[in-house]
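Chain identifiers are assigned alphabetically (A, B, ...) following the order of the sequence lines, protein sequences preceding nucleic acid strands; residue numbering begins at 1 within each chain.
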Amino acid sequence: MSITVELKGIVSSALNSLYELNIPADEVLVNGTKPEFEGDYTIVLFAYTKPVRKSPEVIGNELGNYLLENHKDFITGFNVIKGFLNLSIADSYWLGFLQQSFSNNSFGKAERLQKKVMVEYSSPNTNKPLHLGHLRNNFLGWSIGAVLNSVGYDVVKTCIVNDRGVHICKSMIAWQLFGNGATPASTNTKGDHFVGDYYVKFNDEFKLQVKDLVAAGKTQEEAEKEAPIMKATQQMLIDWEAGKPEVMELWKTMNGWVYEGFDTTYNKIGSDFDKTYYESNTYLLGKDLVEQGLEKKVFFQKDDGSVWIDLTADGLDEKLVRRKDGTSVYITQDIGLAEQKQKEFGAEKSIYVVGDEQNYHFKVLKLICEKLQLPSAEGIYHLSYGMVELPTGKMKSREGTVVDADDLVDEMITIAAQKTEELGKVKDFNAEELEKLHYIIGLGALKFFLLRVDPKKKMIFNPEESIDFHGFTGPFIQYTHARIKSILRKFELDNNKELEATQPLLLLEKQLIIHIELFGAVLQESAADLDPSKLAVYIFNLVKLFNSLYAEHSFGNAESEEKKLLRLKMAQLTATVIKTGMNILGIEVPERM
RNA sequence: GGACUGGUAGCUCAGCUGGAUAGAGCAAUAGCCUUCUAAGCUAUAGGUCAUUGGUUCGAAUCCAAUCCGGUUCACCA
């Protein structure tokens, strides 16, 4: 049990004994005491003044005295300032906590819950390579899975690959027209980039054709419809749906190139999935649900044959679920896939990590599933994250302002290599060890940069300024871990020696222990909010506290054997928390750097 | 226009289920390596929490209005 939970319980029953006041333990307000005041934890008393009919100062003193008398081993002192009761916790409590936890490698993690959740993330299109926005999505999705796993959920990570549709056909047409049989191998290009280049070529050619047609007297709209390359693309989509062999052949070949490229990138950034769905297999799902919906009168049919749902009563609009030609639309596939996942895995929650541009879509999706009374409905949760923007605004592929994922990862690793070289601390590393270290640091910097901000908020990335390696960053945390490991290598910790308590805990020591103790609660909070940034901030603060202590006091050469043992145990547990926490963010920590 | 969403230090962000004097990092300035890794530590400076009103013991936080951004509202995916 965490100490704040314990305190809440104690205060709740104290209020009951003193004033016959029934305040549920979880409604007691407990904060960490601000550093400028004496004490470790603070009870906020204002809420009790009315029912008790006493001033907060009086309540504070009575409560403080009561706690002091009845919990001598736990609470050793108090003071009251305005409506705040500051409590001091016994050193022996902290020492007991440290003794119990310091060698526990799974410190902070919770017991298995026997509950299953699904996290869908990444969801790329196969017509172009991954960019910075995908990186945020991938890091978030992976990390949220790890956070949920750490608090006891069984997590199924899934990915839906958007491998069909007009956009894919655009790349295919362009390759037919301009490729001259080129392949990624023949041009020495990564497969996803290779295919993406033809997508760009399509757009270039399309623009030229439209321009010519407009010059010949067509309106912009007519020109866009009639451009030969666009017509060819639409024909190809029809041929694809009909399963025309040569089209299928080309489609498979080009997607194959893309997957090869994606695999390389996923491997590098550490994204993995338990189950990958392909839209080419799922795009027909949900058709039968339209029939069901019509029978249940959830949907209605218009005169032209198209099928709709009326969501105006829910504050939304009418939404099409089947075209008049009988083909299904995007949302219908999603309903079908939601049901498919439900049948296949039966998770109690299904989290979709998808950008906030699709808030409306997911609102509609959940609503329709609810109205159809599908088992999947309740668990649908859209984890809506903000876009990564440039200082100039959104990234636009047409304007060439897209930050490519592979380029960025490589750049980060290069910078990591430069800095490591400059600092010259690992001159004895061989080439392989160095490469691994540069990778860990470069990727760590990138992941931490993207994960440290609240997922819901959009964030700005300035390509002109490289991502920092100092301060609130991954490398700073990795560095501190390496630093601790260095201490533990030099000064062996005897696990059998028990902590003593003849010398009081110093302020910095106590602050660090208090912070360590929060770890489990932080994981719970990150899981509840589906927000890895809470964890990132926590680790950063932990590391700052450790470094302050490190700068002020010696670990290996402490002033006494008692302090040496205490600090080495603190160091070990700090390293464990850093490593566990960073791993949950998908970031490795080195032994040396 | 409707719906949703954001506005906190020069920059990037915390804090938002109401609690003590609004916090970090970067950038700036000044210090700290003959003892455990200086990718570090310490200090200084930097704020009308968009604006106005309301709710109350107390508001960056809740409510309303206004201003300024963003997303979205396709027989696209």
Which nucleotide wins on minimum distance to the side chain of [X], given the candidates [options]?
X: N557(A); options: U35(B), C26(B), A24(B); answer: U35(B)
X: E357(A); options: U72(B), C36(B), C13(B); answer: U72(B)
X: Y550(A); options: C57(B), C36(B), A77(B); answer: C36(B)
X: K544(A); options: G25(B), C75(B), C26(B); answer: G25(B)
X: V44(A); options: A77(B), C36(B), G19(B); answer: G19(B)

[atom1] spacing across the pair [N] / [M], given as an integer number of angstrom:
N: G46(B); M: U37(B); atom1: C1'; result: 32 Å
N: C16(B); M: U61(B); atom1: C1'; result: 4 Å
N: C36(B); M: C13(B); atom1: P; result: 38 Å
N: G53(B); M: A59(B); atom1: C1'; result: 13 Å
N: C11(B); M: C57(B); atom1: C1'; result: 38 Å

Verify, without hydrogens or angle tests, whether D334(A) (side chain) and L365(A) (backbone) share a donor-acceptor contact under 3.5 angstrom.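 Side chain of D334(A) to backbone of L365(A), a donor-acceptor pair under 3.5 Å: no, none is there.
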
Taking the nucleotide of RNA chain B with the closest heavy atom to each, which residue, Y330(A) or F469(A), is nearer the 5' end?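 The residue mapped nearer the 5' terminus is F469(A).
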
Please compare T473(A) and K458(A) by the position of their nearest nucleotide in RNA chain B and report the one closer to 5'.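 Closest to the 5' end, via its nearest nucleotide, is K458(A).
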
Categorize [X] for me: base, sugar-phosphate, or nothing, with a 4.0 angstrom heavy-atom threshold over every strand shown.
X: N86(A); answer: base
X: I460(A); answer: sugar-phosphate
X: T480(A); answer: nothing
X: M593(A); answer: base
X: F476(A); answer: sugar-phosphate
X: E591(A); answer: base
X: F472(A); answer: sugar-phosphate
X: R322(A); answer: nothing
X: F540(A); answer: sugar-phosphate
X: I441(A); answer: base

Quick check on [N]: is either OP1 or OP2 less than 4.0 Å from any side-chain nitrogen or oxygen of [X]?
X: H470(A); N: G40(B); answer: yes
X: K457(A); N: G6(B); answer: no
X: R483(A); N: A38(B); answer: yes
X: K456(A); N: G6(B); answer: no
X: R323(A); N: A77(B); answer: yes

Could you tell me if [X] sits above the aromatic ring of [Y], with its cationic atom closer than 6.0 Å to the ring centre and no more than 45 degrees from the axis?
X: R136(A); Y: Y385(A); result: no
X: R164(A); Y: Y283(A); result: yes
X: R592(A); Y: F429(A); result: no

Hey, does the side-chain of [X] have a donor or acceptor N/O within less than 3.5 Å of a partner on the base of [N]?
X: S306(A); N: C75(B); result: yes
X: D468(A); N: A27(B); result: no
X: S533(A); N: A14(B); result: no

Considering Watson-Crick and G-U wobble pairs with both distances under 3.5 Å, what does [N] pair with?
N: G25(B); answer: C11(B)
N: G18(B); answer: none
N: G1(B); answer: C73(B)
N: G31(B); answer: C41(B)

Specify the glycosidic conformation (syn or anti) of C41(B), with syn defined as within 90° of 0.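 Judged by the O4'-C1' to base torsion, C41(B) sits in anti, the angle falling more than 90° away from 0.
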
Qualifying residue for side chain to side chain contact (heavy atoms under 4.5 Å, CB included) with Y277(A), from L337(A), L285(A), D163(A):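 The single option meeting the side chain to side chain contact (heavy atoms under 4.5 Å, CB included) with Y277(A) is L337(A).
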
